[in-house]
K.L.:
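One structure follows; several queries about it will come next.
We name chains A, B, ... by the order of the sequence lines, and we start the count at 1 in each one.
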Protein chains: 2
Amino acid sequence: MGSEGHADGTVGKALDVLEMVADQGGSVRFSELLAISRYPKATLYRLLQTLVNQGMLTQDADSGAYALGVRLVRLAHNAWAHSSLAPLARPHLDALAAEVGEAIHLAQIDSGHILFVDKRKSTDMFETLAQAGRVAPAYCTGVGKAILAFLPDAARDKVMPQQSFHPYTPATHTEPASLMAELEVIRAEGVAFDREEHERGIISIAAPIRSRSGRVIGAVSIATSTSRHTLEELNALKPRLLQCAEAVGAEAETWQFPETN
Amino acid sequence: MGSEGHADGTVGKALDVLEMVADQGGSVRFSELLAISRYPKATLYRLLQTLVNQGMLTQDADSGAYALGVRLVRLAHNAWAHSSLAPLARPHLDALAAEVGEAIHLAQIDSGHILFVDKRKSTDMFETLAQAGRVAPAYCTGVGKAILAFLPDAARDKVMPQQSFHPYTPATHTEPASLMAELEVIRAEGVAFDREEHERGIISIAAPIRSRSGRVIGAVSIATSTSRHTLEELNALKPRLLQCAEAVGAEAETWQFPETN
DNA sequence: AGACTTAGTTTCACTTAATGGAACAAAGTC
DNA sequence: GACTTTGTTCCATTAAGTGAAACTAAGTCT
């Protein structure tokens, strides 16, 4: 929702426009984009043309409306396969999912937001971008808090101001102070709980994934509904969850960090 | 493999570099990229910096090597959800998969290559190469040929020269003429067969997905292995497959084309 | 129909940003 | 400690992006 202020050169502007189209969802007319963007008509027009030319956007033949191009899906597959924890964590998630029979989420952090890079549903399971690629706030999710808690102070200070503290439910943190206090607890316990903070009836227990050097590189969670389990029952799975997180972290040894800006 | 000649402006170059990193898979050092690219040192350097800055690439803290950024995964999720046939086709694929019990693939075309946007695994556990976001050549896959066959002449003339005609198996087409001849047959029959042309032991039957205006917008296929089924048995599924393709096409009425360059 | 509004595209003098050869710094290697 | 390799910065040159305004095309209204 935030509009970035920085834009290195033409490329930055183009990617900014790309993101604008993405945020809009579906297809957008030129004039809509013009209304939103701070770019003058001609500039916006040329940027869009270039992006279409490059296959990053597609333009409807008739209506002239813009939508994200499938080239992105191709690129992202590479990103997912080579730059995310997903492929590496897969066997561990499979095992955990089979044992606990609940939904498993694997997430990383991307510019202050939680990005789900893989998951296992309690019922059916198949891996596509359908579920990977989704974003969620960090301050009100199990995985988000697990990552925030173990982030180096400098990185956390960057990320905290980006949190909106929108009250999704009565249990959602609404200000930095209370969240910071909970992060302290999470650091002590080693796991984070989502106590219906993002979605009513949905609870989870999450553990940070740390490389051997100690850097948080993501988080795993076991999610369920209040109708199926209690927080105490989730807590019983803590050892198993930590074991999974550790296993992934150990394998990620050679891996590179997922950025901090 | 192919190095594009066109590059509109700085944005084109930047995306070109992005693609270079993607093609490389995993992480790449600056000098490797320098060796491959036609850009001078300083230029390449600045382009990479910009992309890192924008979160499209990540740079390893220690080694300085570049890899695709997770931001792409986020963008691609939007692309997949809003600009691909996948969400729309989902119920139809589910139904088809349940009925035939074989692997189902949904593909679109992207700059001459086949892009798998969704799939259903067969009940049995044998992995095909396909996955959402994966690319495959058009000339030697069922879905590829199904799309090629029904492409408007102008579009096909653009796409044909992009085919490599690499002989994956003895059954692979190795020159345009024989492929063109088969496309004729496919147009007459309404479906395309993959006769172990891409992968030994893997066969499929594929049908084009056409919008009501008649434009091909993708293809669905039923894939199996020679150990499980024969081409004749696949052919028996033709009516059911065509029905699925038509159902998706009908729903895609309002949808926009997937580009032609 | 003709006048009028709105959406999209092109022009062109102007300005800013990208360019790349070369110098420089840092990390490895002999 | 000299030498090679790899990565980063400088800066005058050049090219590319800019955006106000003019223009064209597609609706709307009376």
Side-chain angles (χ1 to χ4, degrees), chain A residues 3-21 24 26-54 56-69 213 254 256-257 259-261, chain B residues 3-21 24 26-54 56-69 213 254 256-257 259-261:
Chain A
S3 55
E4 321 297 282
H6 54 65
D8 11 22
T10 318
V11 177
K13 287 176 199 165
L15 294 176
D16 189 30
V17 171
L18 188 66
E19 200 88 42
M20 273 170 50
V21 176
Q24 220 58 10
S27 61
V28 214
R29 327 200 106 277
F30 176 77
S31 38
E32 296 181 60
L33 290 169
L34 183 60
I36 300 165
S37 82
R38 58 185 177 297
Y39 304 114
K41 227 179 182 184
T43 302
L44 213 211
Y45 181 74
R46 265 177 288 103
L47 287 172
L48 285 167
Q49 292 282 87
T50 305
L51 288 169
V52 169
N53 238 303
Q54 296 294 329
M56 303 300 281
L57 293 179
T58 52
Q59 191 171 192
D60 184 72
D62 310 313
S63 71
Y66 300 91
L68 293 180
S213 56
T254 53
Q256 59 246 24
F257 77 42
E259 126 282 7
T260 27
N261 26 306
Chain B
S3 56
E4 320 297 281
H6 53 65
D8 11 22
T10 318
V11 177
K13 288 176 200 164
L15 293 175
D16 189 30
V17 170
L18 188 66
E19 200 89 40
M20 274 170 49
V21 176
Q24 220 59 11
S27 61
V28 215
R29 327 200 107 275
F30 177 77
S31 39
E32 295 181 61
L33 290 169
L34 184 60
I36 300 166
S37 82
R38 58 185 175 298
Y39 304 114
K41 224 179 181 181
T43 304
L44 214 212
Y45 181 72
R46 264 177 289 104
L47 287 172
L48 285 167
Q49 290 284 85
T50 306
L51 288 169
V52 169
N53 237 305
Q54 295 295 329
M56 301 301 280
L57 294 179
T58 52
Q59 193 172 191
D60 185 73
D62 311 314
S63 72
Y66 299 92
L68 293 180
S213 56
T254 51
Q256 59 247 22
F257 77 34
E259 128 283 1
T260 29
N261 25 312

K.L.:
What is the minimum heavy-atom distance between B:Met20 and B:Ser37, and which atoms define it?
P.N.:
CE-CB, 3.5 Å
K.L.:
What's the spacing between A:Thr58 OG1 and A:Leu51 CG if we round to 0.5 Å?
P.N.:
11.5 Å
K.L.:
At a cut-off of 3.5 Å, list every protein nitrogen or oxygen paired with a nitrogen or oxygen from nucleotides 11-18 of chain C, distance to 0.1 Å.
P.N.:
residue	atom	partner	partner atom	Å
C:dA18	OP1	A:Thr10	N	3.1

K.L.:
To the nearest 0.5 Å, how far apart are CD in A:Gln24 and CD in A:Glu19?
P.N.:
12.0 Å
K.L.:
Could you work out how much the helix from C:dA1-D:dT30 to C:dC30-D:dG1 bends, comparing the axis of its first five pairs with that of its last five, to 10°?
P.N.:
40°
K.L.:
Would you give the length of the straight line joining atom NZ of B:Lys41 to atom OG of B:Ser31, rounded to the nearest 0.5 angstrom?
P.N.:
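One finds 9.5 Å between NZ of B:Lys41 and OG of B:Ser31.
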K.L.:
Protein-nucleotides 4-8 of chain C N/O pairs closer than 3.5 Å?
P.N.:
residue	atom	partner	partner atom	Å
C:dG8	OP1	A:Arg29	NH1	2.7
C:dG8	OP2	A:Ser31	N	3.0
C:dG8	OP2	A:Ser31	OG	3.0
C:dG8	N7	A:Lys41	NZ	3.1
C:dG8	O6	A:Lys41	NZ	2.8

K.L.:
Where do A:Leu34 and A:Tyr39 come nearest, in terms of heavy atoms and distance?
P.N.:
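Of all heavy-atom pairs spanning A:Leu34 and A:Tyr39, the closest is CD1-O, 3.7 Å.
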K.L.:
When rounded to the nearest 0.5 angstrom, what distance separates CG in A:Leu18 from CD in B:Gln54?
P.N.:
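The CG atom of A:Leu18 sits 10.5 Å away from the CD atom of B:Gln54.
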K.L.:
Whether B:Arg38 and B:Asp16 form a salt bridge (side-chain N of Lys/Arg under 4.0 Å from carboxylate O of Asp/Glu) is what I want to check.
P.N.:
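Salt bridge flag = yes for B:Arg38 with B:Asp16.
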K.L.:
Give the B/S/- string for nucleotides 25-30 of chain C, one per nucleotide from 5' to 3', where a protein heavy atom under 4.0 Å of the base yields B, of only the sugar-phosphate yields S, and otherwise -.
P.N.:
------
K.L.:
Considering non-hydrogen atoms only, spot the tightest contact between A:Met56 and B:Leu15 and give its length.
P.N.:
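Where A:Met56 meets B:Leu15 most closely, the heavy atoms are CG-CD1, 3.6 Å.
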K.L.:
For the pair B:Thr10 and B:Leu47, evaluate side chain to side chain contact (heavy atoms under 4.5 Å, CB included) and give the outcome as yes or no after the intermediate values.
P.N.:
CA-CA 9 Å; B:Thr10 318; B:Leu47 287 172; 4.2 Å; yes
K.L.:
Look up atom CG in A:Leu68 and atom OG in A:Ser27, then write down how far apart they are to the nearest 0.5 Å.
P.N.:
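Reported value, rounded in 0.5 Å steps: 10.5 Å.
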K.L.:
Would you compute the distance between atom OH of B:Tyr66 and atom CZ of B:Arg29 and round it to the nearest 0.5 angstrom?
P.N.:
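Going from the OH atom of B:Tyr66 to the CZ atom of B:Arg29 covers 10.0 Å.
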K.L.:
Of all nucleotides in DNA chain D that come within under 4.0 Å of a heavy atom of chain A, which is furthest toward the 5' end and which toward the 3' end?
P.N.:
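Counting from the 5' end, contacts occupy D:dG17 to D:dA20.
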K.L.:
If you measure only the distance, is there a donor-acceptor pair under 3.5 Å linking the side chains of A:Thr50 and A:Asn53?
P.N.:
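No, no side-chain donor-acceptor pair sits under 3.5 Å.
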K.L.:
Output all residues satisfying side-chain contact (heavy atoms from CB on, under 4.5 Å) with B:Tyr45, sequence neighbours left out; order by chain, then residue number.
P.N.:
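Expected list: B:Phe30, B:Gln49.
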